[in-house]
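Take a look at the structure set out below.
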Number of protein chains: 2
Amino acid sequence: MSRHTAGGTIASMDSSNTRREATRRKLFEAAVTLIAEQGFSSTTVDEIAERAGVAKGTVYYNFASKNVLFEELLRHGVEMLAASLQNAADEVAERGGSRVDALDAMIHAGLYFISQYPALTQLYVAELWRTNRTWNSTLMMVRERAVSVVADVIRDAVAGGELSEEIDIPLTASALFGMVLVAALDWQSFQPDRSIDDVHAALSRLLQGRVSGHQHAGGAGAEAGTCPS
Amino acid sequence: MSRHTAGGTIASMDSSNTRREATRRKLFEAAVTLIAEQGFSSTTVDEIAERAGVAKGTVYYNFASKNVLFEELLRHGVEMLAASLQNAADEVAERGGSRVDALDAMIHAGLYFISQYPALTQLYVAELWRTNRTWNSTLMMVRERAVSVVADVIRDAVAGGELSEEIDIPLTASALFGMVLVAALDWQSFQPDRSIDDVHAALSRLLQGRVSGHQHAGGAGAEAGTCPS
DNA sequence: CTTTTTGCACTGACTGGTCAGTTCAAGAGG
DNA sequence: CCTCTTGAACTGACCAGTCAGTGCAAAAAG
């Protein structure tokens, strides 16, 4: 019989109240910053424990291994990001905005997320394209989860005629994702004083093709030389 | 004593066809793939030596330490990339193309470079935004070197009236860089069969604002450029 | 009410293994 | 003969994971 709470099953789910859950959260927080700074391999479990203010044994009481701690961290993080992006898109849809507006809102949400969790973002970028790593499948899933939110909106926009049918949906989603990712990391690293709206406006401008002053007036040659055929 | 290596950095510059230089190149090649796969910390010097087909002692005869080997690798790699981008831009300029054409050519050159040196690219992405690392200043320099090539062309384009004066040059350069980087890594990782021109066309389309089907009146004219099929 | 039991959550010294870097004598090569 | 390479043995630091033990609050027993 479990002496604590009535049902053991529920007790383990019950996230916010238990002492254990608080410890896990502290460990996540400690791990994410340390790993973002130093990388996974050069971050020691002792460091994580110290930063979290617990003993090393506690880490192993709460997570099966350093690897498992990291995987759960990745999963937890990407759920937050995906939810945040999805939410931004949904809000625009409810308000009756277009899909393109939704994409724009997602860029804003992405920028906001990165500004809130810069360490988590650094960490993803650093690990996402690495091969031969034990947690590769987790990383795959994580990437898919994030990019597909963007791809879905693009797909809807194409279906609704808002975007050209000729665009390459997965590639465009990736490119968009990368654009926001790298621009945001540079923003955070090198121009942290700029406002999010400022950065957002710059990216929007780039995307909407309003970068060029006199568009394609005479510049039809933009890719004339590059087309193979 | 091992000081001959430290002092011999310059000496090794002039001798480009010595036996030693060949060994160094083999070590670079071995190191870049291993580190891209596993990360710096979890790649051992023994592994690098084995992959390069030399003895461990040789590694330390040629490089002062594992760290120094890595730093020289980073420098060497970014010089190749910067030269490649610059070259693409210069060729367009010589042919009398516009700056926007030069940007487009740089995207192509970037894609090509990444397809040629995927491991090097992975490695940069993984390390570029990391803080608190011994070789941080090297990384800073490396990033600056690469992005500034792009930024310079954008600046010229703005000065020449080809691009709007309202664009944010450094941020746009970063965003562009990130777009190509992430799209290329996804291409290599998940759709390696696609041709470079196909990927290039998709990115050009995204950039030129011709993604949207009926948004900008100006974009309609050039729509013929659906090169891939 | 008090005493005892139970077991969760946590502790931190310890272990066994790994790895960067060293050393050096014996070649290889040009 | 001087530069470069080999290969193996060695050192010492560092680190993931273990385990015997502690503290505590709630439940059971008295």
Checklist line | Between dA9(C) (P) and R24(A) (CZ): distance, integer Å | finding: 11 Å
Note to self: Base contacts versus sugar-phosphate-only contacts with protein, heavy atoms under 4.0 Å: please encode nucleotides 24-30 of chain C as B, S and - from 5' to 3'.
What the structure shows: -------
Checklist line | Atom-pair distance (CG on L27(B); C1' on dT5(D)), nearest Å | finding: 11 Å
Next item on the list: Using a 4.0 Å cut-off on protein heavy atoms (strictly under), produce a 5'-to-3' string for nucleotides 16-21 of chain C with B for base contact, S for backbone-only sugar-phosphate contact, and - for none.
Entry: ---SBB
Next item on the list: Go through the structure and list residues passing side chain to side chain contact (heavy atoms under 4.5 Å, CB included) with D198(A), not counting sequence neighbours.
Entry: R194(A), S195(A)
Check: Quick one: is dC10(C) close enough that its OP1 or OP2 comes under 4.0 Å of any side-chain N or O from N62(A)?
Finding: yes
Next item on the list: Tell me, please, which residues at least two apart from F113(B) pass ring pair (Phe, Tyr, Trp, His ring centres under 6.0 Å).
Entry: Y117(B)
Notebook entry, point to check: Which whole-number value in Å describes the distance from E21(A) CD to dC10(C) C1'?
Noted result: 16 Å
Margin query: Please determine whether side-chain contact (heavy atoms from CB on, under 4.5 Å) holds for the pair V92(A) and D104(A), giving the CA-CA distance in whole Å, both sets of side-chain angles, and the decisive distance to 0.1 Å.
Written below: CA-CA 10 Å; V92(A) 170; D104(A) 203 60; over 6 Å; no
Item checked: Test side chain to side chain contact (heavy atoms under 4.5 Å, CB included) applied to T44(B) - qualifying residues, sequence neighbours left out -> D46(B), E47(B)
Margin query: According to side chain to side chain contact (heavy atoms under 4.5 Å, CB included), who are the partners of S115(B), at least two apart in sequence or on a separate chain?
Written below: Y112(B), W187(B), Q188(B)
Next item on the list: To the nearest Å, give me how far apart CD (E50(B)) and P (dA8(D)) are.
Entry: 12 Å
Notebook entry, point to check: From the list dT11(C), dT5(D), dT6(D), which nucleotide is the closest neighbour of the side chain of A55(A)?
Noted result: dT11(C)
Check: salt bridge (Lys or Arg N to Asp or Glu O under 4.0 Å): which pairs involve residues 114-124 of chain B, sequence neighbours left out?
Finding: none
Check: Given dT6(D), is OP1 or OP2 found less than 4.0 Å from the side-chain N or O atoms of T58(B)?
Finding: yes
Item checked: Contacts of type salt bridge (Lys or Arg N to Asp or Glu O under 4.0 Å), residue R75(B), not counting sequence neighbours -> E71(B)
Next item on the list: Could you identify which residues of residues 68-76 of chain A place a heavy atom less than 4.0 Å from some atom of DNA chain C, listed by residue number, or say none?
Entry: none
Note to self: Holding to ring pair (Phe, Tyr, Trp, His ring centres under 6.0 Å), I want the full list of residues that pass it with W135(B), two or more places apart in sequence or in another chain.
What the structure shows: F40(B), F70(B)
Note to self: With a cut-off of less than 4.0 Å, is there a side-chain N or O of Y61(B) near OP1 or OP2 of dT5(D)?
What the structure shows: no
Check: Among pairs that include at least one residue of residues 80-92 of chain A, which meet salt bridge (Lys or Arg N to Asp or Glu O under 4.0 Å), considering only residues two or more places apart or in two chains?
Finding: none
Note to self: Holding to side chain to side chain contact (heavy atoms under 4.5 Å, CB included), I want the full list of residues that pass it with A173(B), two or more places apart in sequence or in another chain.
What the structure shows: V147(B), V150(B), A151(B), I154(B)
Check: Does NZ or CZ of R143(A) come closer than 6.0 Å to the centre of the six-membered ring of F190(B), within 45° of the ring's axis?
Finding: yes
